[in-house]
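In what follows, a single structure is set out as structure tokens and then discussed.
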Amino acid sequence: MTDTRIDPSVVDDRGRFDPSTADGRWQRAWAEAGTFTADSDSAKPKSYILEMFPYPSGRIHMGHVRNYTMGDVLARYQRMQGFEVLHPMGWDAFGMPAENAAMEKGVHPGGWTRQNIAQMKAQLQRIGFALDWTREFATCDPEYYGHEQALFVDLYEAGLVYRKESTVNWDPVDMTVLANEQVIDGKGWRSGAEVEKRKLNQWFLKITDFADDLLEGLDNLEDWPEKVRLMQENWIGKSQGLEFSFDLSNGDCVPVYTTRPDTIFGASFVAVAADHPVAQALAMNNCEVASFIARCKKGGTTAAELETAEKLGFDTEISARHPLTGADLPVYIANFVLMDYGTGAIMGVPGHDQRDFDFATKYALPITRVVASDPARADDPFAGEAEAGDGVIVNSGFLNGMSVDDAIQAVITRAEGEGWGTGRTVWRLRDWGVSRQRYWGTPIPFIHCDACGVVPVPKAQLPVTLPDDVNFDIPGNPLERHPTWKHADCPQCGKAARRETDTLDTFVDSSWYFLRFASQPADRPFDPEEVAKWMPVQHYIGGIEHAILHLLYARFWTRALAHIGKITVKEPFAALFTQGMVTHEVYSYVPENPSQIAVEEELKGNVTHRHVFEQFLDPSQVDMNTKRRVNDPPPTANSAGVAIGHKWAPQSEIQVGEFLIFPNVLETGEPVKVGRVIKMSKSKKNVVDPDAIIARHGADAVRWFMLSDSPPERDLPWSDAGIEGCSRFVQRLWRLFSAYDANAAGEDKSLDRKTHQTIAAVAADIEALGFNKAVARIYELTGAAEKAAPSASRSAAIRALVHLAAPMMPHLAEEVWAKMGNTTLIADAPWPDVDPALLVDDEVTIAIQHMGKLRDTITAPKGASKDALEALALASVNLQRSIDGAAVRKVIVVPDRLVNIVT
RNA sequence: GCGGGUGUGGCGGAAUGGUAGACGCCGGGGACUUAAAAUCCCCUGAUCUUUGAUCGUGCUGGUUCGAGUCCAGUCACCCGCACCA
């Protein structure tokens, strides 16, 4: 335990707690004592608490504050419970925004990133997080990405890295590859040009080698949210299906794969992808086919776009022979069939697949029912959509009457027996493409040699560092056009060769950062023994938006490193928690010109083309204080004294209690439209800057707000009233603590009970991450202690409260702790003990119901017998009035809970 | 389009199938004050014939002595969909 020798005389002793001096004082005290520096050699049990590290965008936002406050409470609580806690912080520092800033502002991505990191670190420190800053790093540090390059080479040598062609979004005007988010409505975000699909040779990681293991591992992740495990399971998408071939009328054959062989009798067409060999062959001497294929190449590459795009088909006039019925099916080239999935060709079963249904409807192809709810309904028509559900097979020869599952097996067995097809397990999961044609990322450490092919850069030459002298005046990859960087000698033959100019997906950086936090030797990525001391992460906290990609990639990367013997853990995160977003109302207005009418129509709810004129407003620009009583005349000036007169619009007023609030622009008095409560985002300007709030209310009030009210997995709506309430509570606790008297005498049994029940409940709530419930209990105990007369019990309650508040409001807790005469830090204090005898009440309230409806409540001793409770209930006047003389048919007694009389 | 989730007072929410609305915010009334701020006390789901009752957890049904909770369907919103992080 650290003796900080705090001089109690420096502690503010006036009426109010003053965060502006206290926050910094305690932040310095923790830093000087090294309170939160994790000791790998400690004999204590270890706990690794981690929140998803931030992208250094420039400013910390409320979402970060919420995320890190939750982790911080856990870290501080676990220290109080006697754990040696590792709670590190770093920066996910590579990525596109730095390059965008470079293009827009002419700054270097590295300089911009470093500056952002410095700013954001200072912001985090002002909130008083219990972080071990000695382990901080950024993924753009060559020391970090150099080790990443070494690991990438290791995986390459283990056969887990390969190259293949794959499709990217290509902007034909900017001559550059676009990220999915840079494609808006199928057009490039800068150029506005229609995006094309283009093939490039790219690097891949063999995540599919681990598909089964990643899937099975989910079963053991009991402390992960069920929904995340389900999402990952569906994403991996293991399915049993049939691969078989159609013989074509032109002599070729087309292999197809289907997960629904049970519906094979319902097939009414065959469709191939635009870049399928059959389509390509036709295009050679048919320009109609060629132009159709070119049309299919337009548009973006995302699943959502592909699946919502209009279904387009081209009838090749080739026919395919159905292997069971012998029927001739038309063969189409279709834009919704993808070469990357399965075999690049499908059998179309319109009755039982929505995409096929849409396609068949458009091209007037037959739609046959082969699955029905009941054999008698074999010829029911379709209600305008496909039926993908379960049922009984009909109109299907030897399959009739079977269940879907049995029919799948029966078709596979028959196909294998007759030799025209084979059962196959396939995965929806695809290998992970890690190539990015960008500058600001980890260079892929390979050299292309005309003689030796692709050769890894020898470990001794790592890191391959990024050149600093680059410019972003023109689009495209600066590494590609750098005058010297890409010229290197082949490590094998020594001849002139070329460096790989692709960089790694930033998801690679975040797939092993937690290992580097646990151990950071200079000469290796990590030390396996040190890693084993801390891993797996005991609590991993971050946004639900990472439910699939980041978490699956990190699970894969950890397995891959275990596979090549680098570490012993396979599963990186023992428990996962996904927190909700911080949201805020959106404020907007339409300037007086060009159209006042548009405002009024909008305010009346008649939506117009407002978006053309709509201006979003920062919450600080909006006046929410101009109000009047319902029967008062309209306001003539806003709260800043600006005349509003004709600008006042009755439709824009919001009723709150007896008042009508007129939201308006502070500076001009223009009426403001208060929109929906959505995630804080720069584009909607509904952001609240944590710094301004901390400056005004102190770190503890902000932390308290982040934990209060909303369950942590749900969205938290920011409100000024809410933060003010939190700020008041900080002062209220301070006043209560000021009333502390170490020498008070006397016992208050019921307060003792409340104190011990609260200690136990708050501990349980924190362990279950139910921070909002822990907060409510602290409010209750605070209220009870305020109302109680001075006594030893009351002093004990106040002492307990200081401990309970310590993980949540650490600055206030330290201040009070010092005022109480302690010379140690409460951050080092143990969590208070609970007396089990005080956890149970001796009296309980029993609900008395008649036919399940509450009629009365009574107080009874805990553990009273069923007979006694029944007798007490029947004695109730209210109950007897409700029964009104009817015969009692049944009495249900739930001990210590209720009695229900059934008549 | 596909996969996953959420829905309870004016607002955020609480509630092992067992008293719906704990706790907080907002609002109202009062105390203290020359006044204000701060603080403290009381009230605060709706309706009605108000010592009491009826209704009420997105919507429609079902199971149960009893449903916010379980089941079926439905609507709305949110997250993800492989190059945003």
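In the text below, chain A, chain B and the rest are named by the order of the sequence lines, each starting its count at 1.
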Tell me whether the side-chain N/O atoms of [X] come closer than 4.0 Å to OP1 or OP2 in [N].
| X | N | answer |
| --- | --- | --- |
| Arg16(A) | rA37(B) | no |
| Arg855(A) | rG66(B) | no |
| Ser719(A) | rC25(B) | no |
| Lys773(A) | rA15(B) | yes |
| Arg436(A) | rC83(B) | yes |
| Arg714(A) | rG7(B) | yes |
| Asn772(A) | rG24(B) | no |
| Lys853(A) | rC55(B) | yes |

Taking the same atom, [atom1], in [N] and in [M], what whole-Å distance lies between them?
| N | M | atom1 | answer |
| --- | --- | --- | --- |
| rC26(B) | rG80(B) | C1' | 35 Å |
| rC11(B) | rC75(B) | P | 25 Å |
| rU34(B) | rA46(B) | C1' | 43 Å |
| rG21(B) | rG12(B) | C1' | 13 Å |
| rC77(B) | rG58(B) | C1' | 11 Å |
| rG62(B) | rG17(B) | C1' | 16 Å |

Report which part of the nucleic acid [X] touches: base, sugar-phosphate, or nothing (heavy-atom distance under 4.0 Å, all strands).
| X | result |
| --- | --- |
| Gly237(A) | nothing |
| Arg355(A) | nothing |
| Phe729(A) | nothing |
| Asn900(A) | base |
| Gln182(A) | nothing |
| Ile678(A) | nothing |
| Thr506(A) | sugar-phosphate |
| Ser510(A) | nothing |
| Gln731(A) | nothing |
| Glu713(A) | nothing |
| Ala304(A) | base |
| Val775(A) | nothing |
| Thr857(A) | base |
| His546(A) | base |

Of the options [options], whose atoms approach the side-chain atoms of [X] most closely?
| X | options | result |
| --- | --- | --- |
| Lys787(A) | rG52(B), rC41(B), rA82(B) | rC41(B) |
| Thr845(A) | rC26(B), rU19(B), rA22(B) | rU19(B) |
| Glu307(A) | rC2(B), rA82(B), rG18(B) | rC2(B) |
| Lys227(A) | rC40(B), rG13(B), rG5(B) | rG5(B) |
| Arg881(A) | rA82(B), rC26(B), rA53(B) | rA53(B) |
| Ala776(A) | rA82(B), rG4(B), rA22(B) | rA22(B) |
| Val894(A) | rC83(B), rC81(B), rG18(B) | rG18(B) |
| Asn234(A) | rC81(B), rG3(B), rU19(B) | rG3(B) |
| Val168(A) | rU19(B), rC83(B), rG5(B) | rC83(B) |
| Ala179(A) | rC84(B), rA53(B), rC26(B) | rC84(B) |

- Hey, does the side-chain of Gln202(A) have a donor or acceptor N/O within less than 3.5 Å of a partner on the base of rC83(B)? yes
key: Any side-chain heavy-atom pair of Asp700(A) and Arg703(A) under 4.5 Å   = yes
- Query: Do the non-hydrogen side-chain atoms of Ile723(A) and Trp718(A) ever get within less than 4.5 Å of each other?
  - Reply: yes
Since syn is defined as within 90° of 0, does rU50(B) count as syn or as anti?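 With its glycosidic angle within 90° of zero, rU50(B) counts as syn.
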Next on the checklist: Within 90° of 0 counts as syn, otherwise anti: where does rG58(B) fall?
Outcome noted: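 Base orientation relative to the sugar is anti.
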Any strand, both distances under 3.5 Å, Watson-Crick or G-U wobble: rA37(B) pairs with none
Next on the checklist: Going by purine N1 to pyrimidine N3 plus the second Watson-Crick contact, or the G-U wobble pair, all under 3.5 Å, which nucleotide sits opposite rC77(B)?
Outcome noted: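 Paired with rC77(B), as far as the under-3.5 Å criterion goes, is rG5(B).
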Report the C-alpha separation of Asp709(A) and Asn772(A) in whole Å, then their side-chain angles, then the decisive distance to 0.1 Å, and conclude whether the side chain to side chain contact (heavy atoms under 4.5 Å, CB included) test is met. CA-CA 5 Å; Asp709(A) 294 355; Asn772(A) 57 321; 5.7 Å; no
From CG of Leu504(A) across to P of rA82(B) the rounded distance in Å is 19 Å
*asked:* Can you measure Asn335(A) atom CG to rG1(B) atom C1' for me and round it to whole angstrom units?
replied: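 After rounding, the gap between these two atoms is 13 Å.
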Residues [X], [Y]: salt bridge by 4.0 Å N-O rule:
| X | Y | result |
| --- | --- | --- |
| Arg229(A) | Glu226(A) | yes |
| Arg190(A) | Asp174(A) | no |
| Glu786(A) | Arg735(A) | no |

Exercise for review: Can you spot which of Thr442(A), Asp502(A), Asp505(A), Asn477(A) makes a side chain to side chain donor-acceptor pair (under 3.5 Å) with Arg436(A)?
Suggested key: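 Answer after filtering Thr442(A), Asp502(A), Asp505(A), Asn477(A): Asp505(A).
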Q.
Working note: Glu480(A) + Gln437(A), criterion side chain to side chain contact (heavy atoms under 4.5 Å, CB included); need CA distance, chi angles, decisive distance, verdict.
A. CA-CA 9 Å; Glu480(A) 184 68 43; Gln437(A) 294 70 39; over 6 Å; no
* Residue pair Thr301(A) / Asn169(A), side-chain donor-acceptor N/O under 3.5 Å ->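 Yes - a donor-acceptor pair under 3.5 Å links their side chains.
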